[in-house]
Amino acid sequence: MSEVTELIEKLNTEGDLGDDEFLRLLGCRRTMTGNERDELRRTARIRADSVYGHDVYLRGLIEFTNYCRNDCRYCGIRRDNRELHRYRLTDDEILECCEEGYDLGFRTFVLQGGEDPGFSDDHLCEVVHTIRQRFPDVAITLSVGERERDVYQRFFDAGADRYLLRHETADAAHYRFMHPAELSMEHRMRCLYELKDIGFQIGAGFMVGSPGQTDRCYLEDFRFLQKLQPHMIGIGPFIPHHATPFKDYPAGTLSDTLFFISVLRLFFPKALIPATTALGTIDPTGREQGILAGANVVMPNLSPGNVRPDYLLYDGKICTDECAGMCRNCMQRRMQSIGYEVKEVRGDYPGFVYA
Ligand code: 5AD
Ligand code: FES
């Protein structure tokens with residue numbers, strides 16, 4: 001048996017690896033044969049099937065503001081990008097997205113935006129409350145960055161049930177390299193623990209192949225995720241954006257991203273793992289391949305067509321010319337093409353109990 005096959009088998013039976021073993025497995029990914037890659041993906045997919053069968057959960061993504069007070073070096077909507085047209089949806093526009101999404105069968109809405117000081121916490125609470133009243137049976141997910149604990153509590157009390165906040169990297173030096181000095185990894189991690197403590201289903205995650213990332217960074221990511229135990233883990237390739245300091249760095253690769261999806265599935269069998277838009281951007285069938293490598297969630301875009309090109313986190317982002325119905329149907333077809341079925345359900349973490 002080859003070294004990589006042995007490590008995968010051990011990971012699959014024990015659900016964990018020692019630090020050295022983990023780093024050896026990551027080293028192997030550079031020289032794995034096609035057969036070994038297939039074997040890893042198959043093993044991870046069998047794991048995912050054992051929890052989720054052939055169901056793929058749908059999340060409707062509403063990108064409601066692209067204003068951001070932060071200046072992350074990788075991100076296209078960073079504050080310093082002066083060439084970007086900024087927008088903020090009105091309450092009515094957000095509700096129309098939900099209305100349309102609900103009619104298309106979505107039972108989870110993800111309200112995502114930059115850290116927009118012009119959209120107050122009270123205002124966001126009102127929007128959440130309105131959505132909660134209008135659609136009692138949907139899951140409301142927020143993805144609006146770092147806030148104070150009492151604000152998170154107010155979001156929760158207003159009716160939000162989930163919160164996505166990628167930790168981005170659990171390696172302190174890498175975090176400093178990717179972010180301006182005023183942002184700290186400790187604060188970001190604290191936010192995640194607070195969100196979980198309040199009772200949100202939480203999502204963390206990181207980019208694959210980002211500038212300055214080493215195999216040790218991934219090790220830190222996995223150890224952090226093992227401590228945090230988030231319900232969702234979102235990963236996607238880093239993709240350069242032309243108006244950012246990281247514009248000249250290469251994108252993360254499809255094979256690395258699929259590798260990490262599979263390894264995540266074996267470490268976290270029950271986790272919700274999305275096949276992300278970034279994965280669909282670096283390869284036309286990236287999302288299908290992501291599902292086949294062990295992912296079980298897709299997040300079609302529900303944002304109004306006219307603002308989609310402005311929510312450009314990275315160059316080449318797909319689905320900016322489409323409308324909600326097109327993405328919904330496209331995704332259904334894509335999943336059916338590989339023998340999977342999108343499910344019109346909330347899709348909670350298995351066994352999750354609300355406080
Ligand atoms: N390439 C890929 N993903 C990116 N994100 C931000 N900028 C990029 C980029 N250039 C990801 C971050 C963030 C999520 C919303 O999008 O991980 O948390
Ligand atoms: Fe948007 Fe395919 S999911 S066009």
Side-chain angles (χ1 to χ4, degrees), residues 59 61-89 110 112-116 143-145 164-169 174-175 177-180 183 205-213 217 234-261 274-290 295 298-324 326-327 330-331 334:
R59 317 295 198 211
L61 186 62
I62 304 170
E63 300 153 329
F64 71 95
T65 172
N66 73 349
Y67 283 88
C68 192
R69 66 191 170 101
N70 290 333
D71 219 13
C72 306
R73 299 202 169 95
Y74 44 85
C75 183
I77 67 169
R78 67 202 300 268
R79 177 183 70 213
D80 264 14
N81 181 3
R82 298 280 147 72
E83 67 177 55
L84 183 65
H85 169 252
R86 302 283 170 172
Y87 74 89
R88 186 179 292 129
L89 298 186
V110 182
Q112 187 175 86
E115 291 188 21
D116 176 2
S143 178
V144 292
L164 305 183
L165 183 72
R166 288 193 180 172
H167 67 283
E168 308 296 359
T169 177
H174 187 221
Y175 197 92
F177 180 62
M178 295 213 291
H179 300 95
L183 293 177
F206 55 89
M207 291 180 288
V208 172
S210 63
Q213 197 171 28
C217 298
I235 68 168
F238 160 76
I239 303 173
H241 181 287
H242 64 275
T244 64
F246 285 172
K247 64 177 167 22
D248 293 325
Y249 283 92
T253 63
L254 174 70
S255 72
D256 270 0
T257 309
L258 297 175
F259 172 89
F260 281 108
I261 287 176
T276 56
T277 306
L279 187 54
T281 297
I282 57 164
D283 187 286
T285 61
R287 288 167 296 181
E288 292 89 321
Q289 294 186 65
V298 289
M299 304 174 106
N301 202 318
L302 273 183
S303 309
N306 62 319
V307 304
R308 288 187 186 202
D310 294 325
Y311 204 82
L312 201 69
L313 305 177
Y314 43 81
D315 289 341
K317 186 168 173 245
I318 53 170
C319 300
T320 53
D321 292 332
E322 280 74 15
C323 63
M326 285 163 79
C327 282
C330 170
M331 204 58 91
R334 286 173 181 273

**Message:** Suppose we screen for ring-ring contact (aromatic ring centres under 6.0 Å, His included). Which residues come up paired with Phe259, at least two apart in sequence or across chains?
**Reply:**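 Testing Phe259 for ring-ring contact (aromatic ring centres under 6.0 Å, His included), a comparison that skips the adjacent residues, returns none.
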**Request:** Kindly indicate, with the supporting measurements, whether the criterion side chain to side chain contact (heavy atoms under 4.5 Å, CB included) is fulfilled by Ile235 and Ile261.
**Result:** CA-CA 7 Å; Ile235 68 168; Ile261 287 176; 3.8 Å; yes
**Request:** Keeping the roles fixed (side chain from Asp116, backbone from Tyr67), state whether a donor-acceptor pair exists under 3.5 Å.
**Result:** no
**Request:** Supply the atom-to-atom distance Met207 CE to Tyr314 OH, rounded to the nearest 0.5 angstrom.
**Result:** 11.0 Å
**Distance-minimising heavy-atom pair for Arg166 and Gly205** =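 Minimum heavy-atom contact is CB-O, 3.3 Å.
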**Request:** Report yes or no: does Arg308 contribute a side-chain atom to a donor-acceptor pair with the main-chain N or O of Asn301 at less than 3.5 Å?
**Result:**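 Such a contact is found between Arg308 side chain and Asn301 backbone.
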**Asked** Do Asn81 and Glu83 pass the side chain to side chain contact (heavy atoms under 4.5 Å, CB included) test, and can you show the C-alpha distance, the side-chain angles, and the key distance before you say yes or no?
**Response** CA-CA 6 Å; Asn81 181 3; Glu83 67 177 55; 3.0 Å; yes
**Item:** Spacing of Leu61 atom CG and Cys327 atom SG [to the nearest 0.5 Å]
**Value:** 10.0 Å
**Request:** Specify whether Tyr175 and His179 have parallel, tilted or perpendicular ring planes, treating 30° as the upper limit for parallel and 60° as the lower limit for perpendicular.
**Result:**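 Tyr175 vs His179 ring planes: parallel.
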**Message:** For Asn66, give me all partners under side-chain hydrogen bond (donor to acceptor under 3.5 Å, both in side chains), at least two apart in sequence or on another chain.
**Reply:** none
**Asked** Looking at side-chain heavy atoms only, is the closest gap between Gln213 and Met178 below 4.5 Å?
**Response** no
**Listed partners of Tyr87 passing side-chain hydrogen bond (donor to acceptor under 3.5 Å, both in side chains), at least two apart** =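 With sequence neighbours excluded, Tyr87 shows a side-chain hydrogen bond (donor to acceptor under 3.5 Å, both in side chains) to no residue whatsoever.
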**Prompt:** What closest approach, in Å, do Pro240 and Pro250 show between heavy atoms, and which atom pair accounts for it?
**Reply:** CD-C, 4.4 Å
**Asked** Got a second to check how far His242's NE2 is from Leu312's CG, nearest 0.5 Å?
**Response**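 The distance works out to 7.0 Å.
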**Prompt:** In Å, rounded to the nearest 0.5 Å, how long is the span from CZ of Arg79 to CZ of Arg86?
**Reply:**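 If we round to the nearest 0.5 Å, Arg79:CZ and Arg86:CZ are 10.0 Å apart.
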**Asked** So how far is it from Thr257 OG1 to Leu279 CG, rounded to the nearest 0.5 Å?
**Response** 6.0 Å
**Message:** Rounded at 0.5 Å granularity, tell me how far CG in Leu313 sits from OG1 in Thr277.
**Reply:** 9.0 Å
**Item:** Stepwise side chain to side chain contact (heavy atoms under 4.5 Å, CB included) test for Glu168 and Cys75
**Value:** CA-CA 12 Å; Glu168 308 296 359; Cys75 183; over 6 Å; no
**Asked** Looking only at heavy atoms, what is the nearest atom pair of Ala251 and Ile239, with distance?
**Response** CB-CA, 4.2 Å
**Item:** Pro237 and Thr253, any side-chain heavy atoms less than 4.5 Å apart
**Value:**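 Thr253 does not reach Pro237 side chain to side chain.
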**Message:** When you measure from the side chain of Arg334 to the backbone of Glu288, do you find a donor-acceptor pair of N or O atoms at a distance under 3.5 Å?
**Reply:**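 No, the answer is negative, given that no donor and acceptor are paired below the 3.5 Å cut-off.
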**Message:** So which atom in Gly236 and which in Thr276 form the shortest heavy-atom distance, rounded to 0.1 Å?
**Reply:** CA-OG1, 3.6 Å
**Asked** Are Phe238 and Pro211 side-chain neighbours, meaning at least one heavy-atom pair lies under 4.5 Å?
**Response**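 Contact flag for Phe238/Pro211 side chains = yes.
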**Request:** Would you mind reporting whether Ser255 and Leu258 have side-chain heavy atoms less than 4.5 Å apart?
**Result:**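 No; the side chains remain at least 4.5 Å from each other.
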**Test side chain to side chain contact (heavy atoms under 4.5 Å, CB included) applied to Leu84 and His241, step by step** = CA-CA 12 Å; Leu84 183 65; His241 181 287; 5.9 Å; no
**Prompt:** Can you name the closest pair of heavy atoms from Cys68 and Ile77 and give their distance?
**Reply:** CB-O, 3.6 Å
**Prompt:** Looking at Ala295 and Ala275, what are the two nearest heavy atoms and their distance?
**Reply:**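 For Ala295 versus Ala275, the nearest heavy atoms are CB-N, 3.8 Å.
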**Request:** Only one of Lys317, Glu63, Gln112 passes side-chain hydrogen bond (donor to acceptor under 3.5 Å, both in side chains) with Tyr311; say which it is.
**Result:**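 Exactly one pass, corresponding to Gln112.
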**Request:** Report yes if some heavy atom in the side chain of Pro304 is under 4.5 Å from a heavy atom in the side chain of Leu89; otherwise report no.
**Result:** yes
